[in-house]
There are 2 protein chains.
Amino acid sequence: MTDDAVETRRTAPATLHDVAREAGVSLATASRSLNGSTRKVNEEYRQRVLAAAAKLDYSPNLSAQAVARGTTTTVALLVADIADPYFSQMAAGVVREADRERLIVTMAATERDTERELDLVRTLRGQRPRVMILAASRREGDPNNDALEAELRAFESNGGRVAFVSSATGAFRAVQLDNRAGAEALARELIGLGYRRFAAVTGAEGIRTADERLAGFRAGLEAGGGTFDRIVRAAFTRDGGYEGMAQLIEQGLDGIELVFAGNDVMAVGAMSAIRDAGLTPGTDVAVAGFDDIPTVRDVTPPLTTVRIPLEEVGRRALRLALDEVGAVDDSPVHTEVVLRESTPRRR
Amino acid sequence: MTDDAVETRRTAPATLHDVAREAGVSLATASRSLNGSTRKVNEEYRQRVLAAAAKLDYSPNLSAQAVARGTTTTVALLVADIADPYFSQMAAGVVREADRERLIVTMAATERDTERELDLVRTLRGQRPRVMILAASRREGDPNNDALEAELRAFESNGGRVAFVSSATGAFRAVQLDNRAGAEALARELIGLGYRRFAAVTGAEGIRTADERLAGFRAGLEAGGGTFDRIVRAAFTRDGGYEGMAQLIEQGLDGIELVFAGNDVMAVGAMSAIRDAGLTPGTDVAVAGFDDIPTVRDVTPPLTTVRIPLEEVGRRALRLALDEVGAVDDSPVHTEVVLRESTPRRR
DNA sequence: CCGTAGTGAGATAGCGCTTTCCCGAATCGT
DNA sequence: ACGATTCGGGAAAGCGCTATCTCACTACGG
């Protein structure tokens, strides 16, 4: 429409200078009144400044403050895929905690490309964020790993804080997700339910999360006398789960009782593949996942999984980065097996 | 652990000044070499600067650039709830498009509180973002609406761009979601499938999205001879859907053939409530939603809904804000009824 | 040969803030 | 009553950049 008709004349935003002039005080006094510095300022002046600011609709320029103060109020968050519930739940936690600390979150998506990830870290470093949280999953032996580490080291030596969400990241602070132990506990429980013959549909080898979960699950199986008949690798996404499962079915399920998916979105995809093949998940073949994203309560049958408190993980990642070492809970996040109907007791 | 042992000595990040000195050129030349200004600079000098920058691991301070240039490379995005797939899909679209434009996205969540929303807009304005995208849902007659509009107007008159995601927002640019038409089309289709007696489980009155969808659906029903037997209001979330549906069932479904949920997450919750009551969605009572979030393909039975290309909506919101009026597609987003098995043909 | 453009590096004036530093006035102790 | 302290406002020096302005130097036409 005639947007221009409505548009008011473009004017520069009011500066602190304007406010000071309007209030008839110095720049210094205006600054002190509006941000509560250590110095006291006469109540009458303060009121005048506040009134002037309100009148001029003053909004402090955060970039200028950052430059002057030498520190920002920004948190940078890197995830693999914003639309994936695993990451979006975590992001919600980060944003919530950041909000409590009056910090602003800038968010970027690596789209599972380590090249992009490195680029993003470089760009985001220019923001001079107080904290950088990396939740995109690590890949073992990736050629960009060293460059990334160097970049993050540089960031840290400039006073920035880094926090990973992952398991065992040698060099940096990390919210530890005990994928291994969780998967192992899950396997034991499933053995306890009578399952013996398993398959896995999981992400590519090298994705650390996938590897750890698989290793943990395998350890649990071996302890209980179960076996992996088959392992299918596919994208670490819902569609990957679907395709992996479809492949598995096509090759013949012969005897496989339960499919362990590398994460919940894969499990959900796998269940749809099972159904599309004319079988019934839980009945014809059991399914288990990992993460306990919200939707797994709503699929049919509800999915057995390992619960990770994703929101809390996000919040803890920020705390871990902000707080002094030692002053913060850096124990591994508590994971818990949640048995649901997708893995009924056998016999 | 002994984090401190590893931690390198904290040093200030290299400044452009440092780079210039290292390269033995002036500040101006360094600046010109690193950002490609209009001015040409001697190739040899340029190389020297680039080398120095690399050596010192220089990363330009974005805040300082913003102050000096008087313009940022930031996009601010406001959503109701980051963990809700409706918003996270949209956010993914915004982030992707922003990335193409080499813009950085800062994200905040209103948590469906208009007071918070207003606060956030105020804070984010301090960032002087190029664009502000508001995707949190509008509430009719909310006391904060005027203040919000004023705030956004001020932002615009300072040269900022605002884009809403919504339907018919009088004053600002908006990606139009035709909730009304979509819901009406859905209702017609359902009538066509033989349904006559409906209930709705939707968000509180006043949430514009909920209202429009309900109104549209009702219009469709009336045109086709169907009726709303009951309308239940609940939170506009998965749990709201569950509770609303539970309530409906408790009161007695008597004769209701299909439940229209205000959005997909509610529909998914409603389906679980149906199941938990010992009934089968699709068979005992049909369910339809709105949005076509990814998970509705994976619930059982798959959900009938109205498809909104959420990712595209996010991308378009950014384009709408960035591009000149007229140079951009501002037609309503295409919505489409997707019939699935949650609404089988009757009889 | 000289005046005039053109070229491109460097000096410098900001950008919108914060935070010393300086200083007059008020307060206090003795 | 008087020097010693606070106290608190204002001037001004930055913060890390960009962009304008200056100016030495080259090239060239007449």
Side-chain angles (χ1 to χ4, degrees), chain A residues 11-50 52-53 56-74 123 125-129 158-160, chain B residues 11-50 52-53 56-74 123 125-129 158-160:
Chain A
T11 40
T15 71
L16 189 58
H17 192 107
D18 300 332
V19 174
R21 188 154 29 73
E22 174 77 24
V25 300
S26 75
L27 244 191
T29 303
S31 171
R32 294 198 265 255
S33 315
L34 289 173
N35 73 7
S37 76
T38 42
R39 290 269 304 259
K40 222 173 295 175
V41 22
N42 185 306
E43 183 57 22
E44 188 201 324
Y45 281 19
R46 221 178 63 82
Q47 290 305 333
R48 284 227 305 269
V49 172
L50 262 45
L56 299 181
D57 196 12
Y58 172 72
S59 159
N61 183 321
L62 294 181
S63 295
Q65 289 191 324
V67 166
R69 291 188 173 140
T71 161
T72 64
T73 56
T74 305
T123 314
R125 190 145 82 88
Q127 286 230 29
R128 305 284 184 272
N158 294 339
Chain B
T11 37
T15 71
L16 189 58
H17 193 104
D18 300 331
V19 174
R21 188 153 29 74
E22 173 77 23
V25 300
S26 75
L27 199 55
T29 303
S31 171
R32 295 196 268 254
S33 315
L34 290 171
N35 72 8
S37 76
T38 42
R39 286 270 303 263
K40 222 173 293 176
V41 20
N42 184 306
E43 184 56 20
E44 187 200 325
Y45 281 17
R46 222 178 63 83
Q47 290 304 335
R48 285 229 303 271
V49 172
L50 261 44
L56 299 181
D57 197 11
Y58 172 73
S59 158
N61 184 320
L62 261 34
S63 295
Q65 289 191 325
V67 167
R69 293 190 171 136
T71 161
T72 63
T73 55
T74 305
T123 314
R125 189 144 82 87
Q127 287 227 32
R128 305 283 185 274
N158 295 338

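The structure places CZ of A:Arg39 at 11.0 Å from OG of A:Ser33, a figure rounded to the nearest 0.5 Å. Rounding to the nearest 0.5 Å gives a distance of 10.0 Å between CZ of A:Arg21 and CG of A:Leu27. Put simply, CG on B:Leu62 and OG1 on A:Thr74 are 10.0 Å apart, with the number rounded to the nearest 0.5 Å. With rounding to the nearest 0.5 Å, the separation of CG in B:Asp18 from CG in B:Asp57 is 12.0 Å. To the nearest 0.5 Å, atom CZ of residue A:Arg32 and atom NZ of residue A:Lys40 are 13.5 Å apart. Note: A:Asn35 CG to A:Arg69 CZ = 5.5 Å, rounded to the nearest 0.5 Å.
Taking five base pairs at each end of the helix from C:dC1-D:dG30 to C:dT30-D:dA1, the local helix axes there meet at an angle of 40°, rounded to 10°.
If you walk DNA chain D from 5' to 3' and mark each nucleotide with an atom closer than 4.0 Å to a heavy atom of chain B, the marks span D:dG16 to D:dC21.
When each of B:Leu16, B:Val19, B:Val41, B:Val49 is tested with B:Ser31 by the rule side chain to side chain contact (heavy atoms under 4.5 Å, CB included), just one qualifies, namely B:Leu16.
Panel note: side chain B:Asn158, backbone B:Gly160; no donor-acceptor pair is recorded below 3.5 Å.
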Side chain to side chain contact (heavy atoms under 4.5 Å, CB included) assessment of B:Arg46 paired with B:Glu43: CA-CA 5 Å; B:Arg46 222 178 63 83; B:Glu43 184 56 20; 3.2 Å; yes

Base-contact (B) and sugar-phosphate-only (S) positions in nucleotides 17-26 of chain C, heavy-atom cut-off under 4.0 Å, - elsewhere: BBBBB-----

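Residues A:Thr72 and B:Ser63 meet the side-chain proximity criterion, which asks for heavy atoms closer than 4.5 Å.
Residue contacts for A:Val67: at a heavy-atom cut-off of 4.0 Å it reaches a base atom on one of the strands shown.
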